[in-house]
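See structure below.
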Amino acid sequence: MPSLITNSDIKQFQVRFSPALANKPKSNKPRDQKEKPADPFESPSGGLFLTALPSHNLVLNKFPIIPDHFILATKDFKKQTDLLEEDDLGAAYACLSAYKENGEELFGFFNSGEHSGASQPHRHLQFFPVESMRSGIETGESWGVLADSLLKTPKPGELSYK
Amino acid sequence: VSFLINEFICLLTLTDLPFAYLSYPIPANPTPRALHDAYIALYKSACDMAQKTSTPSTTKQSAISYNLGFTDRIMVLCPRNCEGKAIRNSEGQEVGFVGPNGSFLGGTLLVKSEAEWNILRNDEFKLKDILSAIGLPPKKAEYDEKL
């Protein structure tokens, strides 16, 4: 029996190839094992540094996937593989709110663990302005943030399983 | 930081997601505590799904690999099973490897070469293959009803 497909069931994925990122180093592990791996979030400065929050720094990504790809990194070294803490999520939500108050949308993500696509051991969350995510998509084509399309019946504050 | 205009972008449509995820609709003006409680609940459910004992309170290290994706409206946690999948051309030769990070929860998948992009474009089955490889199988409807 064919299943009924509603608009909310359809998920649009964008697949991007960025020639600018083709030469991004795979990892920051030093060739000499005695050498300490470079930590890009230890003391961010210069062109990449945006602003300091109480316990985090906002920095632009050195290898942006899309324009204005930015990062929220802990000021002190904390592990990417440890669970997030209240202040990490509080600072992340402050970023989301700041965009919303400005009439813009923001998407954030966090990668943790060996299978997650994480490449830096220093704890950081990443953000894409949604307007930037739409760049390159032709007018008339529909695309929205996948996470938002997963909002369904559960009332705010309830967990849902899929 | 310079950014080159990206001309390699295509849209693919999936009618359902081939991986398990947990989500939390974020209420208006949540406290950091409420967000953290929700995150921990999603994490613990994901550990159950992955049949891993969630981290005891004495250690802070996550027991699973996962991605978290969020907007001001929703927090989504996806337990990860593997880093990615090799991409093969029609002759079966490997042309690359796609290992998504959490940006896929925003509906964005980045590939590292034009050859990979050309193979993925207009082929939602390859995209589905990658997405089903990286996570856990989605829960069936009957499981939902038990919850």
Side-chain angles (χ1 to χ4, degrees), chain A residues 5 9-20 22 47-48 60 62 64-65 67 81-84 86-87 89-90 92-93 96-97 100 105-118 128 133 136-137 141 143-148 150-151 154-162, chain B residues 1 3-4 6 8-17 20-27 32-33 35-36 39 41 55 60-62 64-74 76 80-83 99-103 105-112 114 117 120-121 127 138-139 144 147:
Chain A
I5 294 168
D9 290 329
I10 293 172
K11 315 297 182 197
Q12 292 273 22
F13 268 87
Q14 45 170 275
V15 180
R16 285 178 181 264
F17 163 58
S18 169
L48 296 174
L60 281 170
K62 196 175 178 183
I65 292 176
T81 47
D82 281 354
L83 292 170
L84 291 172
E86 264 184 51
D87 62 358
L89 290 163
Y93 190 81
L96 300 171
S97 293
K100 194 182 182 180
E105 292 173 275
L106 192 63
F107 167 72
F109 63 99
F110 178 66
N111 312 312
S112 184
E114 54 173 343
H115 302 314
S116 70
F128 293 160
M133 296 173 89
I137 295 176
E141 287 190 292
W143 176 87
V145 174
L146 177 68
D148 275 338
L150 305 178
L151 269 172
K155 296 186 183 75
E158 283 176 11
L159 294 176
S160 103
Y161 299 78
K162 167 85 184 194
Chain B
V1 178
F3 187 82
L4 299 180
N6 192 331
F8 299 89
I9 175 164
C10 64
L11 287 181
L12 295 176
T13 301
L14 295 182
T15 49
D16 53 359
L17 296 177
Y21 63 87
L22 300 113
S23 63
Y24 170 77
I26 299 176
R33 176 71 182 274
L35 288 170
H36 191 256
Y39 158 74
T55 311
K60 296 182 291 182
Q61 173 139 352
S62 171
I64 54 165
S65 285
Y66 66 94
N67 295 117
L68 193 69
F70 47 88
T71 67
D72 66 296
R73 299 194 289 162
I74 191 167
V76 180
R80 289 288 295 266
N81 186 44
C82 84
E83 197 184 343
N101 68 15
S103 61
L105 291 172
T108 301
L109 189 72
L110 181 84
V111 299
K112 295 187 295 295
E114 194 175 345
W117 186 80
L120 277 173
R121 79 190 280 206
L127 172 66
K139 294 295 174 193
D144 278 345
L147 290 167

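Each chain gets a letter, A, B and so on, in the order its sequence line appears, and its residues count up from 1.
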- Judged by atom type as modelled, is there a donor-acceptor pair below 3.5 Å linking the side chain of B/Ser65 to the main-chain atoms of A/Glu114? yes
- Using non-hydrogen atoms only, which part of A/Ser112 is less than 4.5 Å away from chain B: side chain, backbone, both, or neither? both
- Query: Do the non-hydrogen side-chain atoms of A/Leu106 and B/Asp72 ever get within less than 4.5 Å of each other?
  - Reply: no
- Task: Find the distance between CG (A/Leu89) and CZ (B/Arg33) and round it off to the nearest 0.5 Å.
- Result: 13.0 Å
- Which bit of B/Leu127 is near chain A, if near means a heavy-atom gap under 4.5 Å: side chain, backbone, both or neither? side chain
- Student check: side-chain heavy atoms of B/Leu17 and A/Leu150 closer than 4.5 Å: yes
- Message: Counting only non-hydrogen atoms closer than 4.5 Å, does A/Leu84 touch chain B with its backbone (N, CA, C, O), its side chain (CB onward), both, or neither?
- Response: both
- Taking the side chain as every heavy atom from C-beta outward, state whether B/Asn101 and A/Phe109 have any pair of such atoms under 4.5 Å apart. yes
- Note on the structure: In terms of heavy-atom contacts, B/Gln61 and A/Asp82 come closest through CA-OD1, 3.4 Å
- Query: Of the listed residues (B/Leu12, B/Val76, B/Thr13), which shares the most heavy-atom pairs with chain A below a 4.5 Å separation?
  - Reply: B/Leu12
- Message: Counting heavy-atom pairs closer than 4.5 Å to chain A, which one of B/Cys10, B/Gly69, B/Gly99, B/Pro100 comes out on top?
- Response: B/Cys10
- Item | Residue selection (most heavy-atom pairs with chain B, distance under 4.5 Å) from A/Ser116, A/Ala147, A/Gly117 | A/Ser116
- Item | Rounded distance (nearest 0.5 Å) linking atom CG of B/Leu105 with atom CG of A/Leu146 | 6.5 Å
- Query: Considering only heavy atoms from C-beta outward, does the side chain of A/Leu83 approach that of B/Ser62 to under 4.5 Å?
  - Reply: yes
- In Å, rounded to the nearest 0.5 Å, how long is the span from CZ of B/Phe70 to CZ of A/Phe110? 9.0 Å
- Item | Inter-residue atom distance A/Gln14.CD - B/Thr108.OG1, 0.5 Å rounding | 3.5 Å
- Query: Quick one: what part of B/Val111 sits under 4.5 Å from any heavy atom of chain A, side chain, backbone, both or neither?
  - Reply: both
- Note on the structure: The reported gap from CZ in A/Arg16 to CG in B/Leu11 (rounded to nearest 0.5 angstrom) is 9.0 Å
- Note on the structure: Rounded to the nearest 0.5 angstrom, the OG1-CG distance for B/Thr71 and A/Leu151 is 6.5 Å
- Item | Portion of B/Leu35 that has a non-hydrogen atom of chain A nearer than 4.5 angstrom | both
- Task: Please work out which of the three classes, parallel, tilted or perpendicular, describes the rings of B/Phe8 and A/Phe17, given edges at 30° and 60°.
- Result: perpendicular
- In terms of heavy-atom pairs under 4.5 Å, which option from A/Gly108, A/Ala118, A/Gly113, A/Gly144 contacts chain B the most? A/Gly108
- Write down the atom of A/Met133, the atom of B/Gly106, and the distance for their closest heavy-atom approach. CE-O, 3.8 Å
